[in-house]
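Everything numeric here is computed off the predicted structure, so don't read it as measured data.
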Amino acid sequence: MYSVIIPSIGRINFLNELLESVYNQSLQPNEIIILLDNNNSCKEAAKFINKKDICEIIFCNRLNLSQKRNYGALISKSKYLIFSDDDDIWEFNKGELTIKSLKNS
């Protein structure tokens, strides 16, 4: 139904809190795409990401925040996209309400 696109600089504590809030949504996403910088710090942080089957980690070379979002949108497999910063926390029904709003507009 929808994909979550998360550009990140590897802030693992924030990222795992966000992921928990996304995993607990009333309407589950089809995929979660996390876009990290392709450096040693992010590669090390990726080892500690609370990753489930629907979550994919992509390492990017020299992409800024907006370029990461655009790349995530390009490779996504879903009709609907929700972009999230890595330090967001989602309410229980954020995905459901966002998709409902997108369908109605």
- Within the side chain of Glu17, is there an N or O that forms a donor-acceptor pair under 3.5 Å with the backbone of Phe14? no
- Item | Joint cluster assignment, Phe48 & Leu18, ILVMFWY side-chain distance < 4.5 Å | yes
- Within 6.0 angstrom of Asp53 CG, more than 12 heavy atoms from elsewhere: no
- Message: Could you check whether any side-chain N or O of Gln25 sits under 3.5 Å from a backbone N or O of Lys94, counting only pairs where one atom can act as donor and the other as acceptor?
- Response: yes
- Task: Could you tell me which residues satisfy salt bridge (Lys or Arg N to Asp or Glu O under 4.0 Å) with Asp85, sequence neighbours excluded, listed by chain and number?
- Result: Arg69
- In the single-linkage hydrophobic clustering (I, L, V, M, F, W, Y; side-chain heavy atoms under 4.5 Å), do Ile9 and Ile6 co-cluster? no
- Task: Find the distance between CD1 (Ile54) and CD (Gln28) and round it off to the nearest 0.5 Å.
- Result: 5.5 Å
- Looking only at heavy atoms, the pair that brings Tyr23 and Cys55 closest together is OH-CB, 3.9 Å
- Query: What's the spacing between Met1 CE and Glu96 CD if we round to 0.5 Å?
  - Reply: 10.0 Å
- Taking the side chain as C-beta and beyond, is there a heavy-atom pair between Leu74 and Asn70 under 4.5 Å? no
- Item | Sequence-distant partners of Glu44, side chain to side chain donor-acceptor pair (under 3.5 Å), two or more places apart | Lys47
- Ile57-Leu19 co-clustered via ILVMFWY side chain contacts under 4.5 Å: yes
- So which heavy atom on Cys42 is nearest to which on Asp37, and how close? CB-O, 3.1 Å
- Following the transitive rule for hydrophobic clusters with a side-chain heavy-atom cut-off under 4.5 Å over Ile, Leu, Val, Met, Phe, Trp and Tyr, establish whether Ile32 and Leu65 coincide in one cluster. no
- Donor-acceptor pair, side chain of Asn50 and main chain of Asn16, under 3.5 angstrom: no
- Message: Quick check for you: to the nearest 0.5 Å, what is the distance between Ile5 atom CD1 and Ile33 atom CD1?
- Response: 4.0 Å
- Message: Consider side-chain contact (heavy atoms from CB on, under 4.5 Å). Of Asn104, Leu102, Thr98, which one does Lys100 pass it with?
- Response: Asn104
- Query: Same cluster or not: are Leu97 and Tyr80 linked, directly or through other Ile, Leu, Val, Met, Phe, Trp or Tyr residues, by side-chain heavy atoms under 4.5 angstrom apart?
  - Reply: no
- Any donor-acceptor pair under 3.5 Å from Glu31 side chain to Tyr2 backbone: no
- Query: Got a sec, which residues hit side chain to side chain donor-acceptor pair (under 3.5 Å) with Asp88, two or more places apart in sequence or on another chain?
  - Reply: Ser84
- Query: Within a reach of under 6.0 Å around CG of Asn40, are more than 12 heavy atoms found that belong to other residues, nucleotides or ligands?
  - Reply: no
- Just wondering, do Ile12 and Ile49 contact through their side chains at under 4.5 Å, heavy atoms? yes
- Query: Could you state the interatomic distance from SG (Cys60) to CG (Asn39), rounded to the nearest 0.5 Å?
  - Reply: 11.0 Å
- Leu15 CG to Glu20 CD distance, which is reported to the nearest 0.5 Å: 11.0 Å
- In this structure, CD1 of Ile34 is separated from CD1 of Ile58 (nearest 0.5 Å) by 10.0 Å
- Note on the structure: Minimal heavy-atom distance between Gly10 and Ser8, with the atoms involved, is N-OG, 2.9 Å
- If you look at every heavy atom in Leu63 and Lys68, which pair is closest and at what distance? O-CE, 3.6 Å
- With a 4.5 Å limit on heavy-atom distance, are the side chains of Pro7 and Tyr71 in contact? no
- Message: Taking atom NZ as the centre, does Lys52 end up with more than 12 heavy-atom neighbours from other residues, nucleotides or ligands that are less than 6.0 angstrom away?
- Response: yes
